[in-house]
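Here is the structure we will look at.
Since the model is a prediction, treat every value here as computed from it, not as a measurement.
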Amino acid sequence: MCGIVGIVGKSNVNQSLYDALTVLQHRGQDAAGIVTCDEGKLHLRKENGMVRDVFRASHMKRLVGNVGIGHVRYPTAGSSTSAEAQPFYVNSPYGITLAHNGNLTNATEMGGDLFKADLRHINTNSDSEVLLNVFAHELQCLGKLNPTEEDIFAAVRAVHKRCRGAYVAIAMITGHGIVGFRDPQGIRPICFGKRETQDGTEYMIASESVALSALGYTLERDIEPGEAVFINNEGELFTSQCAENPVMSPCIFEHVYLARPDSIIDGISVYKARLRMGDKLAEKILKVWPDHDIDVVIPIPDTSRTSALELANHLGLKYREGFIKNRYIGRTFIMPGQSQRKKSVRQKLNAIDLEFKGKNVLLVDDSIVRGTTCNEIIQMARDAGANKVYFASASPPVKYQNVYGIDMPSAKELIAHGRSVEEVRQIIGADWLVFQDLKDLCEAATEGNPKITQFDCSVFNGEYITADVSGQYLQDLENLRNDDEQSKSTAELQAADNETIGLHNPQ
């Protein structure tokens, strides 16, 4: 769920990259980075933290050049070290930097191949560095001093043959330009656009269209599954389909939670898709509980607002803002560590008692993942005086791990994994609970673009569209993502460090 951006401009692009990353900040709050190129020299700044904290005036002054790429990251599988902040850089060939969003399901296998066969060293645990080195190796194998756009597309074709999983990437090839490419299933989003200036046409590639519109760029279109878009330093644009059998299968969770509502992804307005989610959820409520006694519909800000508003309209109920959000607290879903997530809920939201007192309230959220947050929020509603607290999820139960770039917790931490709706209701403490049906969720999105016939819905149905996800892979991921295992590993590492420097626990 990282955010990436690349620009080929006619003047310094540092400010535009910074502004684009702030627009994409919702896609990652753990680290940020920008690299620019000026007369063949690269200028890089990256560090852990929010965009506003990573880049100071002194950094911006050094980030000169009319070509550059940027990245915002949230840590996959609990990793949040500054060494894995992007963009990544490799010296040979040409000097290539890369920003990546997604997850390679065969990264471990490829990491070994890169060392044994390609003689390339991987310095971090990041699959993004693996992707960069695969691309760099394939480009180097062509043996060209000055690669053409066809050479670059040939390297992307080779990447598609070697890499598995979900990936969109923007790579800057020093002295030549930037290339953006998307995996053959089109799981993660990426688009490109342009704007006209008095000096000529400038191009931007970004994770979401909102980054383009916010900076005055016109959205041209999404990059197709398997396609690559190359923009050279002179501002010329070239495109090529680089996959043999591309199949559009975008991630449905982008429309549920990840993307901004003002984005258009694969021709689908995220805002309108969420409106339709609210409509369909209201229809289900009328079907399963026609004589409901709901007094008011209250969203859990921010992502669920659109669905909740349409749901209330469809049911003919009052819509009220019952929670006020502290906007200086990050998104709880992407915070590493369960204790930090628990602590942040009441810091992030505060209830308006007048909207709850003596009422039967229907709280609407975009999804239920761990259940910890909604349990806290339901209790807040009761503390504010609610008579009864009902709960509605605009998406189906999240039951399975995500392997395509969303850091879902381990399966046993997912509250709906192996449990019925009634069991989930009891755990979160709601008086009644309803989930969106998967069929309705998919229809809410496809109404925006009927050409899309399938989505990656693996977190809901456990069906992994790349067909290379084995039981052993899921078990390894389970071990890596389990909060208890992460805490145990941290404790073991600390104990090892203490032993090394002669510090022993007296107990």
Side-chain angles (χ1 to χ4, degrees), residues 1-8 13 17 20-21 24 27-28 31-37 42-46 63 65 67-73 76 79 82-104 107 110-111 114 118 120-142 147 151-160 162-163 165-183 188-190 192 203-207 223 227-233 242 405:
M1 193 183 106
C2 300
I4 60 177
V5 60
I7 299 176
V8 175
V13 296
L17 288 169
L21 291 181
L24 296 173
R27 298 191 69 86
I34 289 175
V35 60
T36 59
C37 182
L42 299 178
H43 306 278
L44 171 67
R45 167 63 181 172
K46 61 178 182 176
L63 292 170
V67 182
I69 63 176
H71 185 271
V72 286
R73 180 195 73 177
T76 303
S79 174
S82 58
E84 295 191 7
Q86 296 184 42
F88 281 120
Y89 168 75
V90 67
N91 178 63
S92 179
Y94 316 116
I96 302 174
T97 48
L98 179 139
H100 163 233
N101 175 32
N103 181 60
L104 304 183
M110 284 195 302
L114 282 167
D118 302 344
R120 285 183 172 269
H121 174 70
I122 304 301
N123 198 48
T124 70
N125 293 322
S126 173
D127 62 328
S128 303
E129 190 184 13
V130 172
L131 180 63
L132 167 59
N133 276 273
V134 170
F135 176 67
H137 175 77
E138 297 301 336
L139 199 54
Q140 187 169 24
C141 285
L142 299 174
D151 295 325
I152 293 166
F153 294 146
V156 175
R157 290 187 189 97
V159 168
H160 289 330
R162 296 182 64 178
C163 296
Y167 53 92
V168 290
I170 304 175
M172 181 169 65
I173 305 169
T174 305
H176 299 284
I178 65 173
V179 57
F181 55 92
R182 191 178 190 185
D183 70 77
R188 302 259 69 84
I190 188 170
F192 69 95
Y203 287 96
M204 177 192 290
I205 304 173
S207 291
I223 296 179
E227 186 183 24
V229 172
F230 175 64
I231 307 153
N232 64 24
N233 281 1
C242 300

N/O donor-acceptor pair under 3.5 Å between [X] side chain and [Y] backbone:
X: Arg188; Y: Met1; result: no
X: Gln86; Y: Arg73; result: no
X: Asn101; Y: Cys2; result: yes
X: Asp183; Y: Tyr167; result: yes
X: His71; Y: Ala85; result: no
X: Glu129; Y: Phe88; result: no
X: Thr97; Y: Tyr89; result: no
X: Lys46; Y: Ala31; result: no
X: Asp127; Y: Ala107; result: no

What closest approach, in Å, do [X] and [Y] show between heavy atoms, and which atom pair accounts for it?
X: Gly70; Y: Leu21; result: C-CD2, 3.8 Å
X: Arg120; Y: Pro93; result: NH2-CD, 3.9 Å
X: Arg27; Y: Gly3; result: CB-N, 3.8 Å
X: Ile34; Y: Pro87; result: N-CD, 4.0 Å
X: Gly405; Y: Asn103; result: N-CB, 3.5 Å
X: Arg157; Y: Cys242; result: CG-O, 3.3 Å

In Å, rounded to the nearest 0.5 Å, how long is the span from [atom1] of [X] to [atom2] of [Y]?
X: Ile205; Y: Ile7; atom1: CD1; atom2: CD1; value: 10.0 Å
X: Leu114; Y: Ile122; atom1: CG; atom2: CD1; value: 5.0 Å
X: Ile178; Y: Cys37; atom1: CD1; atom2: SG; value: 11.5 Å
X: Asn125; Y: Glu84; atom1: CG; atom2: CD; value: 5.5 Å
X: Leu142; Y: Asp151; atom1: CG; atom2: CG; value: 5.5 Å

**Q.** Candidate pair Val13 and Val67, rule side chain to side chain contact (heavy atoms under 4.5 Å, CB included), full reasoning
**A.** CA-CA 6 Å; Val13 296; Val67 182; 5.7 Å; no
(Q) Quick one, Leu139 with Ile173, criterion side chain to side chain contact (heavy atoms under 4.5 Å, CB included). Give me CA distance, side-chain angles, the key distance, then yes/no. (A) CA-CA 10 Å; Leu139 199 54; Ile173 305 169; 4.0 Å; yes
(Q) side chain to side chain contact (heavy atoms under 4.5 Å, CB included) for Asp118 and Asn133? Distances and angles first, verdict last. (A) CA-CA 9 Å; Asp118 302 344; Asn133 276 273; over 6 Å; no
Q. Considering only heavy atoms from C-beta outward, does the side chain of Ile4 approach that of Ile69 to under 4.5 Å?
A.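 Counting from C-beta outward, Ile4 and Ile69 never come under 4.5 Å.
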Q: Taking the side chain as every heavy atom from C-beta outward, state whether Phe135 and Val179 have any atom pair closer than 4.5 Å.
A: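 Side chain of Phe135 against side chain of Val179, heavy atoms only: contact under 4.5 Å found.
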Q: Kindly determine whether Ile223 and Phe192 satisfy side chain to side chain contact (heavy atoms under 4.5 Å, CB included), including the steps that lead there.
A: CA-CA 7 Å; Ile223 296 179; Phe192 69 95; 3.8 Å; yes
Q) Only one of Leu42, Ile96, Leu98, Val8 clears side chain to side chain contact (heavy atoms under 4.5 Å, CB included) with Met172; which? A)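 Result for side chain to side chain contact (heavy atoms under 4.5 Å, CB included) with Met172: Leu42.
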